[in-house]
Amino acid sequence: MIVLENVGKTFKDDDQGTVEAVRDVNLKIGKGEVYGIIGFSGAGKSTLVRCINLLERPTTGKVFVNGLELTALSEPELRKARKKIGMIFQQFNLFASRTVAQNVAYPLKYSGMTKAGIAARVKALLGLVGLEDKESAYPSQLSGGQKQRVAIARALANDPGILLCDEATSALDPQTTLSILKLLKELNSKLGITIVVITHEMHVVKEICARVAIMENGVVVEEGDVFSVFANPKQKITRDFIDTTSNLSKIHALIEEDSPIVRLKPGECIVKLKYLEKDVSEALVSTISRRFNIDANIIFGDIEFLGGAPVGGLILIVNGARSDIDDAIAFLRNKNVGVEVILDAR
Ligand SMILES: Nc1ncnc2c1ncn2[C@@H]1O[C@H](COP(=O)(O)OP(=O)(O)O)[C@@H](O)[C@H]1O
Ligand SMILES: [Mg+2]
């Protein structure tokens, strides 16, 4: 549905220096996918997503949407192609002086549809986003979540095949964020629309994306299905994003504080287990205690669902004969569980 080939975008700044906002990005996004692009502020995400509909013309490279090379189209052709790419933003960008219905109807203005046709379409769109009773309200009378629903309805007016979402939930509270993400997921499965989600928040990716690209300094540094990327991160920045949601690293603070929870008796050690595989169905903790005759107490754990599979880990205090513990660790590693001995009093 979307193919980016060696896409780059360089801006001239005020002092005639240059900023390479996007560098040599190659991405393929399939029809009907929910695809995430995550990065910290300034990474180049907004520029990249604006290159998909050519709101920003790439300095280098080619952009294909649904088989059409957008970078080769004339302005009128491009305007037509753009109608099939909806976009929503962090700040909603609604017309304050127009009602909800007028906002949603706006993109249909020159569509050749009759007044009655437009009214029916607006009604259907408002039904789709759960705002059928708000058609006469003005944006100032709506909550943030409702405003974003209006923006979504407006973005869908021309029945686009793609919806680009640039930090669409970043101005919303956590509860409202979840309801908007749920709506996007519903639209994706109901309409088969391809959704590209730009965000700096891990939980957004976790909630709705099947595949993800991680951006840093204008470059896509890692890409793939969400589970593989976050279960087995290759780049430091990817681990940084995981750390924004995982509490496993709290173990180091507990040790530093000399918390009673982590004080060890002789013969004990603290280990961190990390699940890297989709099929961690075995009861690993009970298996190692039985097989290797050791005690394994879970201090805490953090297991999340990413791409429909559990990812995460456990912090354990293990007690037993030294060789038995070593054997248990080797056994776990052999099962593709990441094992790190964090503190050793053996
Ligand atoms: N129109 C512009 N003119 C000059 N520099 C820009 C422009 N738009 C973005 N940039 C620069 O490009 C880089 C990437 O910005 P942006 O794409 O907005 O990142 P993100 O959305 O990930 O926060 C930043 O250094 C930003 O200052
Ligand atoms: Mg941005």
Side-chain angles (χ1 to χ4, degrees), residues 1-11 21-22 25-37 44-95 98 100-113 117-118 121-122 124-126 128-129 147-168 183-184 187-188 190-199 213 215:
M1 193 65 176
I2 302 172
V3 179
L4 304 182
E5 268 180 26
N6 309 108
V7 167
K9 176 74 189 181
T10 305
F11 292 109
V22 172
V25 168
N26 291 282
L27 282 184
K28 281 195 178 137
I29 300 176
K31 196 171 163 58
E33 266 196 277
V34 181
Y35 193 96
I37 299 175
K45 308 180 295 294
S46 293
T47 306
L48 181 64
V49 81
R50 291 162 64 82
C51 283
I52 294 177
N53 57 9
L54 258 64
L55 281 181
E56 216 60 88
R57 190 168 276 278
T59 323
T60 61
K62 293 179 179 175
V63 176
F64 298 86
V65 167
N66 214 358
L68 203 61
E69 189 192 338
L70 297 194
T71 33
L73 298 182
S74 66
E75 267 310 313
E77 289 170 326
L78 185 57
R79 269 199 296 281
K80 193 163 157 241
R82 246 191 222 129
K83 289 208 167 124
K84 293 293 173 189
I85 309 176
M87 190 164 185
I88 57 173
F89 307 86
Q90 178 170 356
Q91 297 306 337
F92 323 123
N93 297 7
L94 300 178
F95 298 110
R98 291 174 205 241
V100 165
Q102 288 165 341
N103 267 281
V104 176
Y106 187 78
L108 300 171
K109 221 172 169 182
Y110 303 106
S111 64
M113 286 170 80
I118 291 178
R121 176 87 185 125
V122 168
L125 287 162
L126 288 177
L128 206 55
V129 299
K147 284 182 202 167
Q148 196 57 289
R149 284 171 190 265
V150 176
I152 291 169
R154 183 179 61 181
L156 297 179
N158 280 306
D159 198 18
I162 297 173
L163 181 62
L164 306 176
C165 311
D166 190 352
E167 303 275 5
L183 172 63
L184 291 175
L187 295 172
N188 169 251
K190 246 192 235 172
L191 311 173
I193 190 168
T194 305
I195 300 184
V196 182
V197 173
I198 301 292
T199 183
M215 261 191 111

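Throughout, numbering of the chain's residues begins at 1 and tracks the sequence. What you see is a predicted model, and the numbers here were worked out from it, not measured in a lab. The figures that follow rest on heavy atoms only: side chains count, while hydrogens, waters and symmetry mates do not.
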Minimum heavy-atom separation for [X] to [Y], with atom names?
| X | Y | answer |
| --- | --- | --- |
| Arg154 | Phe92 | NH2-O, 3.4 Å |
| Ile118 | Met113 | CG1-CB, 3.7 Å |
| Leu126 | Ala153 | CD2-CB, 4.4 Å |
| Pro160 | Ala155 | CG-O, 3.3 Å |
| Leu27 | Ala213 | CD2-CB, 4.2 Å |
| Thr194 | Gly32 | OG1-N, 2.8 Å |

What do the steps show when you test Tyr106 against Val104 for side chain to side chain contact (heavy atoms under 4.5 Å, CB included), and what is the final call?
CA-CA 6 Å; Tyr106 187 78; Val104 176; over 6 Å; no

When you compare the side chain of [Y] with that of [X], does any pair of heavy atoms fall below 4.5 Å?
| X | Y | value |
| --- | --- | --- |
| Ile88 | Leu164 | no |
| Leu70 | Ile85 | yes |
| Leu191 | Leu156 | yes |
| Leu48 | Val25 | yes |
| Met87 | Arg50 | yes |
| Thr47 | Phe11 | yes |
| Cys165 | Ile198 | no |
| Phe64 | Glu5 | yes |

Report the C-alpha distance between Leu184 and Ile152 in whole Å, list the side-chain angles of each, state the deciding distance to 0.1 Å, and finish with yes or no for side chain to side chain contact (heavy atoms under 4.5 Å, CB included).
CA-CA 9 Å; Leu184 291 175; Ile152 291 169; 4.0 Å; yes

Chi angles and distances behind the side chain to side chain contact (heavy atoms under 4.5 Å, CB included) call for Val7, Lys62
CA-CA 6 Å; Val7 167; Lys62 293 179 179 175; over 6 Å; no

Hey, could you give me the [atom1]/[atom2] distance between [X] and [Y], rounded to the nearest 0.5 Å?
| X | Y | atom1 | atom2 | result |
| --- | --- | --- | --- | --- |
| Asn188 | Leu183 | CG | CG | 11.0 Å |
| Ile52 | Met1 | CD1 | CE | 11.5 Å |
| Glu56 | Ser46 | CD | OG | 10.0 Å |
| Asn103 | Lys147 | CG | NZ | 11.0 Å |
| Arg149 | Leu128 | CZ | CG | 10.5 Å |
| Ile162 | Asn53 | CD1 | CG | 9.0 Å |

Polar side-chain atom of Arg57 near backbone of Cys51 as donor-acceptor pair, under 3.5 Å
no

If you apply the rule side chain to side chain contact (heavy atoms under 4.5 Å, CB included), what do you find for Asp166 with Lys45, and how did you get there?
CA-CA 8 Å; Asp166 190 352; Lys45 308 180 295 294; 5.6 Å; no

